[in-house]
Amino acid sequence: MQVNENKEFQPLIVAFCCNWCSYAGADLSGTNRLNYPTNVKIIRVPCSCRVNPMFILRAFQKGADGVILCGCHPGDCHYTSGNYFTRRRMTLLFSMLDFLGIERDRTRVEWVSAAEGAKFAATMNEFTEAVKKLGPNRRLEDLRCRKQ
Amino acid sequence: MLKISLENLGKLFDAVAEKQTLYIPTDREDGAAEYRKYESGMKLSKNLNTLRSAKDFFFPQTENLADFKMEGKKIEVIDIREESEDFVVFGVRACDARSFTILDKVFLSEPVDSYYKNRRDHGTIVTMACTKPAETCFCGTFGIDPTAPEGDAACWSDGENLFIQANNEKGQAFIDSVVALLEDGDTAKLDEVKVKTKEILGKLPLANLSTEAFGGDTLMEHFKSEKWAELSESCLGCGTCTFVCPTCQCYDIKDFNTGHEIKRFRCWDSCMYSDFTKMAHGNIRNSQLERFRQRFMHKLVYFPSNNNGEFGCVGCGRCLSKCPISMNIVKVMKALEVK
Amino acid sequence: MQEAIISKAKQLLADGTVNRVIGWKKGEFAYDITPAIFESAEEIDADFVYDDFTSANVSKYLVKESKKEGKVLAFLKPCDTYSLNQLTKEHRVKRENIYVVGIPSDGKLDAEKIKAKGITGITGVEKDGDTLKISTIYGEETMPVAEAMSNKCLSCKSKKHVTYDELIGEDGEVIDSNRFGMVEELENMTSQERYDFWRNELSKCIRCNACRNVCPACTCENCVFDNPDSGVQNKAAADSFEENMFHIIRAFHVAGRCTDCGECSRVCPQNIPLHLLNRKFIKDINSLYGEYQAGADTTSRAPLNDYTQDDCEASIVHERGVE
Amino acid sequence: MNTNDTLIPHIGVVTDIRIDTPDVKTFRVNAIQADGTVSGKVFEHMPGQCAMLSIPGVGEGMFSITSSPTNKDFMEFSIKKCGCLTSWLHAMELGQQITIRGPYGNNFPVETELKGKDLLFIAGGIGLAPLRSVINYVRDNRANYGDVQIVYGSRSKDDLVDYQEILDEWMKDDGITVNLTIDREQEGWDGHVGFVPNYVKELNPSLSKTVLICGPPIMIKFTLAGLKELGFTETQVYTTMELRMKCAVGKCGRCNIGDKYVCKDGPVFRFDQLDELPDEY
Amino acid sequence: MQRIGVFVCHCGTNIAATVDVKAVAEALSHEPGVVISQEYQYMCSEAGQNLVKDAIKEYGLTGVVVCSCSPRMHENTFRKAAAAAGLNPYLVEIANIREQCSWIHKEIATATEKAVILGKAAVAKVHLNTPLTAGESPVAKRALVIGGGIAGIQTALDIAEAGFEVDIVEKEATIGGKMAQIDKTFPTLDCAACILTPKMVEASQNEKITIHSYSEVSAVKGFVGNFTATIKKKKRFVDETKCTGCGLCTEACPMKKVPNAFNLGLNNRSAIYIPFAQAVPKVATIDPNYCLKLRKGDVNDKVCGKCAEACTVGAINYHQQDEYIEQKYGAIVVATGFNPIKLDKYDEFAYNQCPDVVTSLELERLMNAAGPNGGTLLRPSDKTHPHKIVFVQCVGSRCDDSKGKPYCSKICCMYTAKHAMLIREKYPDTEVYVFYIDVRTPGKNFDEFYRRAVEQYNVHYIKGMVGKVTPKADGTIDVQASDLLSNEQLHIDADMVVLATAIEPDQTARPLATMLTTQMDTNDFFTEAHAKLRPVESATAGIFLSGACQGPKDIPETVAQASAAASKAIGLLVKDSITCNPCVAHSNELMCNGCSACEKVCPYGAITYQDKEFRMPDRTIAIRRVAGVNPAVCQGCGACTVACPSGAMDLNGFSNSQIMAEVDAICK
């Protein structure tokens with residue numbers, strides 16, 4: 001979380017992107033100079049199915065305000081089935097976070113292909129806005145990690 | 001003796017809470033009692049005892065010891081200790097009151113643990129005599145009289161009034177601070193209550209449990225007992241007994257990286273945990289048998305051996321009701337005392 | 001029932017089918033039963049008990065026991081057989097070393113629930129129809145049996161044994177006990193209400209690990225919370241985040257594997273309704289991926305290790321329920 | 001708060017790193033003085049005592065202080081790489097700060113029981129580390145002690161800790177006999193080959209000696225048996241068990257053997273004391 | 001202590017214009033372990049790479065972070081540079097500050113701040129990188145081709161040509177597949193048999209090729225370079241080694257009323273049979289469902305036995321049993337081909353009611369000289385010459401409903417044009433109508449071919465769908481259809497109706513895919529590793545796709561793909577060993593529960609379990625079931641790492657601790 005001069009809340013967004021589709025999609029949105037906020041920081045993973053729920057919790061613990069997971073479209077997984085597992089895992093994880101009263105809009109899964117640079121940028125813009133609206137992550141925050 | 005009518009107890013609490021933080025046992029929605037910071041209107045629990053013991057106020061489950069800032073090859077140590085605020089823990093039972101004698105022996109012996117001492121110095125323990133002991137109670141085994149609790153000040157109830165008496169200066173200071181609300185009272189009825197309570201104590205199922213077979217000089221005999229295998233076989237290795245115990249004080253020290261500093265903290269640990277003694281070079285107590293034995297040997301043999309025969313258990317009975325598989329110190333004692 | 005079980009145990013010991021028996025041992029009071037291993041008829045006669053308080057699920061002990069020499073006899077209640085099946089499926093037990101005798105259970109009592117009524121000094125508990133007669137050192141007390149019934153039994157999912165070598169008594173059926181009622185209630189709350197509910201509950205957690213250590217699905221050789229290399233190692237929750245994290249990860253790790261035996265809530269010294277977390281996963285799995293009961297069989301694919309091409313998207317979480 | 005607490009560590013600076021063997025390094029640690037200069041010791045100690053070293057965020061670990069108290073300029077620690085913290089320590093460069101607290105535990109009774117005695121030091125591998133403090137203490141107070149014999153063995157020549165010091169100083173001292181041995185034949189080694197327990201028996205030391213032993217448990221076990229065969233009694237043999245220590249203040253509840261806390265009652269024990277304890281070590 | 005070098009690239013102004021590269025280098029120089037941090041114009045240039053190489057040597061770097069363009073661009077470049085300087089290539093990490101920073105942000109301050117954070121994440125990660133070495137695994141110099149149609153034959157021939165042993169496994173009694181049943185081929189109209197049978201003979205005569213006809217693959221284990229397949233040779237009751245294919249037995253066989261499968265049941269054959277004259281291997285096979293002796297169940301009974309009597313070489317063996325052969329292969333090529341779909345659900349076309357409604361493949365047989373009518377086109381019902389024939393296109397193809405297939409079967413347009421043309425050529429008195437949705441003719445000489453049918457042969461192409469086909473009492477067939485162009489309803493009194501039936505993958509493909517741990521799409525076509533760039537490889541290493549098993553194809557495409565698959569297989573077989581991707585999963589056996597969760601989610605079958613002895617911490621010996629990952633098979637997706645509850649599974653290059661370190665650095 002960062003607060004800039006005009007005091008507008010700037011959320012920290014961690015995006016996990018699969019190497020084959022979404023990371024390439026993110027690259028494409030760069031190649032096409034499609035803007036999205038600096039709030040988004042991307043971590044490259046081989047496949048969306050590499051993302052352990054622990055990583056997502058860790059991000060929230062250390063100060064992320066939103067976490068988004070991007071992978072190949074269902075059926076297009078480089079590893080044929082990885083994102084299908086991701087889909088189930090994240091559906092259940094997000095449902096559990098929701099069940100615990102954590103804001104739903106702090107987490108998202110989005111399928112972005114290597115050709116969808118525009119979608120990547122649009123998704124990131126949208127997601128950042130949604131998290132901005134929620135304000136800082138307080139419900140799944142580790143107080144010790146809050147920046148003074 | 002000084003007294004206040006039970007109806008006015010709230011006023012007494014309000015008065016105390018005005019000057020310092022007050023913790024009283026109060027009922028949760030699930031019926032169990034727990035200590036909570038007093039807020040006006042909060043009712044004192046009628047339960048015999050709280051789920052967690054009063055030890056938590058002096059030896060919390062986690063506490064920050066020091067912070068470190070690292071930059072390049074440099075390390076900065078930040079002493080985060082602050083003088084504790086004054087606080088009162090009200091309604092501590094005799095068993096829990098005794099636990100502080102035991103904890104003091106650990107934490108106030110050299111080298112003194114300043115974190116614990118800080119809280120001890122600033123905390124006043126006001127105890128409450130028992131009138132309705134439970135079947136799991138066996139404080140008498142360790143020479144504790146629940147009708148005459150220790151602590152800085154002690155309270156008794158005869159059903160109408162709460163009587164209060166100081167056991168030391170700190171207790172006296174506490175009474176002095178609320179003396180305006182107190183009046184002199186007749187203890188005749190209270191004495192009756194005490195007699196009745198003692199009668200019940202004699203009838204408790206564990207009334208005859210004895211420590212005779214234990215103590216420092218029984219070390220080898222008990223350590224080598226073949227009964228440990230059977231006693232420990234169903235132990236799950238969880239820390240329930242340890243964490244509800246008012247005298248267990250094992251801890252671990254760990255570091256946590258917050259991203260901008262390292263926080264060194266101390267947290268409760270349990271000798272029942274499989275990784276309790278796991279260190280770089282290996283694990284000293286590898287089997288649950290060894291770990292289980294350690295816990296009970298510590299309370300019944302090692303501790304008395306190092307502390308003039310004082311046992312490391314106060315008979316509060318928490319582990320008896322909370323152990324998931326109902327294995328507990330009483331069963332261990334009964335098994336071991338048979339030659 | 002106890003007599004039948006005892007004589008079965010002695011018979012199987014005597015004829016050499018098994019060399020030891022896992023069951024329950026009576027304690028100091030009416031209710032403090034300890035799971036125990038019996039190796040002889042004498043031990044069984046002396047201490048074996050099967051009554052209204054023998055609710056401990058002994059299947060987890062079989063992880064270790066089934067790897068020892070000889071065959072072990074396990075008396076399993078219907079719910080326990082689900083746990084055993086799940087363990088068998090995950091190769092955590094050697095089923096061939098276990099002789100399972102299925103025993104009926106008409107619901108177990110929870111001493112904590114009796115005590116929560118303010119009843120103390122309990123010296124004896126006896127069922128009299130729908131009434132529970134409790135003798136205490138302070139006199140006789142009564143309460144409805146239903147109110148003393150263990151929570152896990154109140155929401156029993158099945159009276160049917162899913163694995164056994166032999167049965168004592170008649171086998172029951174899978175039953176519908178509205179076990180998702182409380183989950184639904186929570187789902188219908190607002191996010192803030194749910195947050196408050198769980199904060200209140202989870203803030204009680206003392207991280208004693210009883211829920212984990214009793215859980216028949218939690219049999220990891222080395223739990224991530226004990227493993228310094230896992231990145232989530234944690235002994236005591238330092239703040240609300242760590243309280244949440246432990247329970248989220250634990251629930252997630254047993255998602256699709258939890259047999260809903262209810263032991264986690266039973267053993268929680270702080271009475272946190274932990275089973276609700278697991279049930280939430282079960283309910284989600286049932287509604288999103290089709291009915292699935294972990295432990296019902298030993299061959300089906302766990303829902304989290306499976307998929308279909310037209311599974312719902314994770315956004316379903318955003319779309320359903322109240323905000 | 002103005003009270004000191006031993007749990008709050010001091011800062012030490014690593015001012016020298018010596019590579020002893022492929023997995024043992026010896027670190028020299030100095031204090032930071034009030035004026036910011038790096039010199040002197042963080043605290044004083046007695047031979048056999050330990051200190052808790054730590055890199056915040058990595059871990060804390062107990063190590064015996066290998067330098068002698070008579071060394072007024074610095075402290076030294078010989079550390080074997082075996083875990084997370086020690087790997088980190090081995091990766092340190094000069095000038096790195098570490099946290100240090102102590103001294104902890106009891107010491108070898110150099111000023112009491114050992115005084116005036118003939119001493120036999122038996123060490124294996126990294127086990128020399130705690131004894132080195134005593135040996136150098138004895139060398140610096142030579143008049144107070146009788147004969148000194150050192151039997152030291154390791155897997156190979158390359159695994160001998162402090163080899164240079166042994167050659168350059170100990171072996172040259174009068175009244176000190178050094179017997180080195182390695183487990184297996186090795187090129188460039190013309191010394192004794194064989195395991196320490198056997199070597200001790202071969203050397204057949206005089207029964208008048210008081211023995212200080214430290215090394216791997218298996219070595220201690222067999223050496224002790226050998227010593228007994230030779231006629232030594234357990235009251236003559238001391239060892240140290242600092243590996244078991246954790247919090248170092250007798251409170252965390254780990255290191256006890258029976259009712260004895262290694263970190264408070266030890267780490268130095270005489271074998272007859274250990275005999276009275278349950279067989280848990 | 002790690003010694004990390006940070007190299008920040010300007011990429012001309014691509015990065016430097018929006019990111020203060022000097023500030024980034026300066027900020028990262030303070031990160032733990034960083035011993036050198038510098039920036040340069042073009043890091044990927046030779047000079048830039050030399051900068052990295054020199055620094056590695058000069059500072060003895062243990063890790064390199066390059067802040068530059070996407071790792072998808074130059075990760076390999078810098079890895080190679082590192083390797084050249086003696087640093088393990090996997091100790092290089094890239095921070096993407098171009099595509100994911102400078103190109104998408106405008107404000108220098110925030111972009112620089114983000115670039116620093118991305119750099120810190122890379123530094124944090126590289127701290128935990130471990131040197132990885134690609135493993136090697138030997139390659140068995142033999143290929144298995146599953147399916148003996150034109151695809152399988154071509155693949156086998158090409159592989160054999162390259163000098164490797166090849167086994168063809170064909171489930172039918174002869175190789176040849178669908179092409180053998182086809183009469184003529186489009187667009188050249190040459191005779192299918194004339195071009196196919198020489199290839200079949202070539203295959204049978206090639207010393208490197210072993211044909212297992214009447215066989216199937218019953219199990220496949222192993223991984224790329226090292227498969228072990230079990231081939232089940234079904235009992236055909238004839239000793240292949242003795243049978244000369246003389247055919248005396250087929251004549252002697254008294255049971256002549258067996259529907260001839262080769263002619264799609266349009267005529268009969270004997271119970272012991274040779275599918276067709278040019279069958280390879282030319283060996284007789286007894287159909288036990290019809291053989292009078294075998295049908296009785298007791299071979300020792302003295303029933304019939306005429307074939308054995310007739311056989312001069314004693315090849316008949318009523319006692320023959322299934323035989324299993326186990327063989328090691330380096331590569332496997334799937335060429336299981338296609339079948340026309342079943343038309344049970346298409347009552348509107350009266351296929352099941354009227355014998356004169358036939359599928360296109362049946363028409364091929366009806367027109368073939370070796371077919372039931374010796375090549376004369378006659379109505380199956382009354383063996384009369386049809387004068388009006390209606391072709392219906394897209395039967396079961398391009399369907400939205402569940403009856404048919406959603407895809408285009410691709411070949412129907414062309415073969416229908418072929419049929420129409422051939423009929424008009426041979427029987428000019430026959431009127432031919434073709435109902436179509438679109439006519440698709442993308443292929444060399446395809447559209448010319450179609451236009452010839454319309455223009456030169458006057459085939460009536462009508463855009464529209466046939467609604468209903470009703471057999472009439474007079475033997476003709478009423479075809480009710482709509483003409484979409486003139487928008488009118490038509491009724492045609494046809495003598496024959498030919499349905500251009502959709503094609504689907506062979507039934508055996510699905511279980512085979514499971515066996516091979518390859519993926520299939522919803523239509524049971526094998527999924528290629530990449531739709532564009534790796535069309536003949538499956539996602540599972542060492543498994544290649546040939547022909548219509550991957551999707552509908554015509555013969556030239558099939559042959560092209562068959563050769564492509566062969567060349568891919570050859571490319572694998574020529575290697576003595578294969579280098580494996582080192583970023584693979586590995587299991588910590590001490591923590592493994594043996595629960596099989598990882599095995600279940602592995603798309604490659606890379607995980608196997610074994611019982612191993614372990615010394616437990618309490619000094620006892622225990623036998624535990626633990627997972628092992630075959631690094632040659634694992635592709636490194638990481639699905640197993642999350643499925644594993646104990647965290648025993650981790651992934652090289654993207655380990656739990658590495659990813660968490662990145663998270664920490666980003667969130668710091």
Side-chain angles (χ1 to χ4, degrees), chain A residues 48-49 51-63 68-71 73-77 80-111 123 127 130 134 137-146, chain C residues 183 186-187 189-199 201-202 224 230-232 237-242 244-249 251-253 255-256 276-281 283-285 287-289 302-321 323:
Chain A
S48 60
C49 70
V51 177
N52 196 310
M54 291 198 273
F55 304 161
I56 294 171
L57 293 179
R58 175 81 156 218
F60 282 122
Q61 176 180 30
K62 296 288 171 124
I68 182 166
L69 209 85
C70 299
H73 284 270
D76 293 347
C77 177
T80 65
S81 55
N83 53 3
Y84 288 126
F85 294 118
T86 308
R87 188 161 63 177
R88 283 204 172 186
R89 288 167 185 164
M90 293 306 139
T91 304
L92 290 180
L93 176 71
F94 295 174
S95 178
M96 177 53 74
L97 293 177
D98 176 45
F99 190 62
L100 291 169
I102 315 300
E103 302 94 334
R104 294 168 187 173
D105 291 340
R106 291 204 190 278
T107 47
R108 187 184 293 188
V109 170
E110 202 68 55
W111 310 126
T123 302
F127 186 60
L134 290 174
N137 164 32
R138 291 285 176 259
R139 294 188 185 174
L140 200 55
E141 175 190 34
D142 193 321
L143 277 173
R144 297 170 296 177
C145 301
R146 193 190 279 192
Chain C
V183 175
L186 278 160
E187 286 172 342
M189 290 180 181
T190 64
S191 178
Q192 181 68 47
E193 286 168 338
R194 278 197 298 273
Y195 178 73
D196 294 340
F197 173 87
W198 282 112
R199 207 72 296 289
E201 291 298 343
L202 295 180
V224 288
S230 73
V232 293
D239 65 0
S240 62
F241 175 84
E242 293 196 321
N244 284 342
M245 179 179 72
F246 175 75
H247 292 289
I248 295 171
I249 292 185
F252 191 84
H253 278 182
L276 291 179
L277 297 175
N278 303 323
R279 276 207 191 138
K280 168 65 178 166
F281 274 136
K283 183 169 178 283
D284 276 348
I285 286 167
S287 66
L288 300 176
Y289 310 123
L304 271 171
N305 297 338
D306 200 5
Y307 65 88
T308 67
Q309 290 172 340
D310 30 61
D311 281 341
C312 62
E313 294 296 335
S315 56
I316 194 166
V317 176
H318 298 74
E319 288 150 13
R320 65 174 183 199
E323 182 42 65

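In what follows, every chain begins at residue 1, and chains take the letters A, B, ... in the order their sequences are listed. For clarity, every value in this text was computed on a predicted model and none was experimentally measured.
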Legend entry - Face-on cation placement of A/Arg88 at C/Tyr289 ring, 6.0 Å and 45° thresholds: yes
Inset, instruction - Pick one of side chain, backbone, both or neither for A/Gln61, based on which atoms fall under 4.5 Å of a heavy atom in chain C. - result: both
Legend entry - C/Leu202 portion near chain A, given a 4.5 angstrom heavy-atom threshold: side chain
Legend entry - A/Arg104 side chain near C/Glu319 side chain, heavy-atom distance below 4.5 Å: no
Inset, instruction - Indicate the atoms forming the closest heavy-atom contact of A/Pro74 with C/Glu313, along with that distance. - result: CG-OE2, 3.8 Å
Legend entry - Min side-chain heavy-atom separation C/Cys312-A/Thr91 under 4.5 Å: yes
Legend entry - Parallel, tilted or perpendicular, as decided by the 30° and 60° cut-offs, for the rings of C/His318 and A/Phe94: perpendicular
Inset, instruction - Enter the distance from C/Gln309:CD to A/Tyr84:OH here, rounded to the nearest 0.5 Å. - result: 4.0 Å
Inset, instruction - Quick one: which of C/Pro303, C/Ser230, C/Ala255, C/Ala251 has the most heavy-atom pairs under 4.5 Å with chain A, could you say? - result: C/Pro303
Inset, instruction - Output the option from A/Thr86, A/Ile102, A/Asn52, A/Leu92 having the highest count of non-hydrogen pairs under 4.5 Å with chain C. - result: A/Leu92
Legend entry - Contact origin within C/Glu201 toward chain A - heavy atom pairs under 4.5 Å: neither
Inset, instruction - For residues A/Met54 and C/Phe252, determine if any side-chain heavy atom of one lies less than 4.5 Å from a side-chain heavy atom of the other. - result: no
